[in-house]
Amino acid sequence: MLQTHRPVMRPLTTAHLAQTMTLLSLSADELKQQIESELASNPALEMTDERRCPNCQRPLPGNSPCPTCSSASPTAPDDAIVFISPRDDFHPSHGISSDEDQADDNVAPVTEDLPTFVFRQIAPDVDPQKRTIAAYLLTHLDEDGLLTIAPVEVAQYHHVPMDVVESVRNMIQHAEPLGVGSITTQEAMLVQLDHLSESRSIPHMTRTVIEQGMDMLSRRQYSELAHKLGCSLRDVKEAAQFITENLNPFPGRSHWGDVHEGENAPLQVYRSPDVIISHINEDSTKPLMVEIIMPLAGTLRVNPLFRNALRQNSEYKEDWKNDLERAALFVKCLQQRNHTMRRLMQRLVAIQKDFIDHGEVYLKPLTRASLSVELEVHESTISRAVSSKTVQLPNRRIIPMSKFFDRSLNLRTILKNIIVQEGHPLSDSELVKLLDARGYKIARRTVAKYRAMEGILPAHLRHA
DNA sequence: CTATGGCACGGATT
DNA sequence: AATCCGTGCCATAG
């Protein structure tokens with residue numbers, strides 16, 4: 001069904017494989033860049049406005065997903081519907097420009113990346129010349145919302161004094177998510193701390209602990225830390241408790257620690273998802289709908305004019321031929337990528353349906369290797385397809401796709417549930433017994449590790 | 001003596 | 001080949 005009407009049998013060249021691989025490992029926004037640069041550098045490639053379904057190549061009326069493909073689910077009727085979803089409104093502005101024409105708030109996209117999100121907040125308060133600085137800073141954030149370049153470099157590059165850069169940065173840090181644009185996790189947390197201290201009381205050692213003891217804190221060496229700072233153990237524990245509960249060292253991460261189910265908090269999206277999973281018209285009894293984001297609408301194809309031009313003899317014939325082949329290869333690889341992604345998600349969603357609908361407890365342990373044999377592809381294919389991609393669940397949470405392959409997440413959440421319900425602080429060995437009773441055999445040491453991962457304090461300093 | 005964290009090793013996973 | 005993860009052992013705090 002993928003075969004085209006053109007009988008151009010293209011052998012599986014190494015170039016083909018290599019490019020498919022790289023395309024597969026790109027996230028949606030990276031893919032957009034890739035396509036754009038390819039489009040710009042290769043005259044034989046053309047983007048038509050015509051909307052076609054990337055799955056079946058039928059023309060589409062609007063921007064909506066293909067109705068034929070959506071309704072015609074190839075597998076079981078109760079199975080999820082998986083399709084490629086083209087959207088050109090995906091990334092409103094990739095490299096944020098400092099232009100004034102940013103005021104198109106009427107078309108608020110559902111998802112917005114972190115730089116855009118922050119820029120929109122501060123833009124009104126920043127005078128135009130500083131906006132360039134702001135935009136520049138914001139394009140150099142990592143996934144966690146921390147700055148990846150030194151402010152000094154920015155100052156030099158833009159020929160402005162340091163304090164200008166710092167003032168802009170300060171403004172960014174006080175936008176949502178609080179602390180974004182910090183250089184270190186410490187700095188981010190201090191910003192949050194300052195903000196919180198205006199409305200509530202803070203354990204008095206908190207600031208000192210953050211400033212001087214983050215490494216020890218993350219290793220939970222409370223007593224050593226108390227010794228180093230010359231204060232009581234209780235002070236350190238109080239501070240630690242406060243920090244894990246209220247501060248987020250990685251402002252860019254959408255969630256940290258607590259996972260309240262019925263949370264009404266403004267669920268913001270800081271990183272555009274590569275895949276969106278939802279229920280058909282939000283009805284949880286309906287089957288799942290899986291959209292694999294294609295960052296550009298329209299159809300990518302080989303420019304037919306170019307193909308014709310090749311028939312005529314020309315001195316550039318060799319170059320043109322070269323371009324043409326590259327273009328054909330590119331669209332083919334892109335199709336290949338979409339096809340693989342679709343098969344992957346189809347299977348993944350089928351396996352982890354309970355997890356998607358009912359939460360982390362129901363995540364089934366799954367390895368990329370086992371999926372690869374089911375789909376009859378190489379392991380590395382799955383790895384590349386999964387890594388650096390994010391998925392939006394029906395509850396609007398965005399998670400890395402690798403979470404679907406987390407070996408121990410279900411155990412960790414069960415563990416959390418037990419501890420939440422505990423009447424009396426349970427020691428690690430007691431927890432082992434309880435888990436064993438539920439059919440999970442794990443070592444005591446492992447329980448301790450899981451606790452640490454979830455940021456749960458040891459038994460002797462938990463209280464009802 | 002018990003509970004827990006650090007370190008490090010081996011096997012699984014990527 | 002490199003990395004991740006579960007575990008066992010031992011030191012240390014309470």
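The chains referred to below are lettered A, B, ... by the order of the sequence lines, with proteins before strands, and numbering in each begins at 1.
Protein atom CZ of R451(A) is 16 Å distant from nucleotide atom C1' of dG6(C), rounded to whole Å. Rounded to whole Å, atom C1' of dA3(B) lies 15 Å from atom NZ of K433(A). Taking atom CD on E430(A) and atom P on dA3(B), their separation rounds to 7 Å, with Å as the unit. Taking atom CZ on F405(A) and atom C1' on dA12(B), their separation rounds to 16 Å, with Å as the unit. For the pair N410(A) CG and dC5(C) P, the interatomic distance rounds to 14 Å; values are reported in whole Å. R384(A) places its CZ atom 15 Å from the P atom of dT3(C), with the value rounded to the nearest Å. Rounded to an integer number of Å, the gap from CZ of R368(A) to C1' of dT3(C) is 11 Å. Whole-Å rounding puts the R407(A) CZ to dT7(C) P distance at 10 Å.
Positionally, the nearest nucleotide of DNA chain B for D428(A) lies more toward the 5' end than for the other of D428(A) and T367(A).
At a threshold of 4.5 Å between non-hydrogen side-chain atoms, the residues M289(A) and F83(A) count as touching. Between R337(A) and L31(A) the shortest side-chain heavy-atom distance falls below 4.5 Å. R343(A) places none of its side-chain heavy atoms less than 4.5 Å from the side chain of E374(A). For the pair T381(A) and M21(A), the minimum side-chain heavy-atom distance is below 4.5 Å.
Between T446(A) and dC5(C) there is no side-chain polar atom (N or O) within less than 4.0 angstrom of OP1 or OP2. In terms of phosphate contacts, Y450(A) brings a side-chain nitrogen or oxygen within less than 4.0 Å of OP1 or OP2 of dG6(C).
Of all nucleotides listed (dG5(B), dT7(C), dA3(B)), dT7(C) comes nearest to the side chain of K441(A). When distances are taken from the side chain of M453(A) to each of dG6(C), dT14(B), dT7(C), the shortest belongs to dG6(C).
Only one option out of I414(A), T413(A), N417(A) pairs with E360(A) in a side-chain contact (heavy atoms from CB on, under 4.5 Å); it is T413(A).
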Nucleotides 8-14 of chain C: protein proximity per nucleotide (B base, S sugar-phosphate only, - neither; heavy atom, under 4.0 Å): BB----S
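Judged purely by distance below 3.5 Å, without hydrogens or angles, the side chains of D194(A) and H174(A) never pair a donor atom with an acceptor atom. Between the side chains of S380(A) and S383(A), no donor N or O sits under 3.5 Å from an acceptor N or O.
Between its opening and closing five pairs, the helix from dC1(B)-dG14(C) to dT14(B)-dA1(C) changes axis direction by 10°, a value rounded to 10 degrees.
At a non-hydrogen distance threshold of 4.0 Å, E379(A), S383(A) from residues 372-383 of chain A come into contact with DNA chain B.
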Residues E291(A), S85(A); criterion side-chain hydrogen bond (donor to acceptor under 3.5 Å, both in side chains); working and verdict: CA-CA 5 Å; E291(A) 302 175 58; S85(A) 173; 3.0 Å; yes
Derivation and outcome, side-chain hydrogen bond (donor to acceptor under 3.5 Å, both in side chains), residues S182(A) and Q173(A): CA-CA 7 Å; S182(A) 298; Q173(A) 286 176 305; 2.9 Å; yes
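Atoms CZ and CD1, on R438(A) and I418(A) in that order, are 4.0 Å from each other to the nearest 0.5 Å.
Within 4.0 Å (heavy atoms only), S387(A) reaches no atom of the nucleic acid at all.
Smallest separation of non-hydrogen atoms from C333(A) and Q19(A): SG-CB, 3.8 Å. Across A459(A) and L426(A), no two heavy atoms sit closer than the pair CB-O, 3.2 Å.
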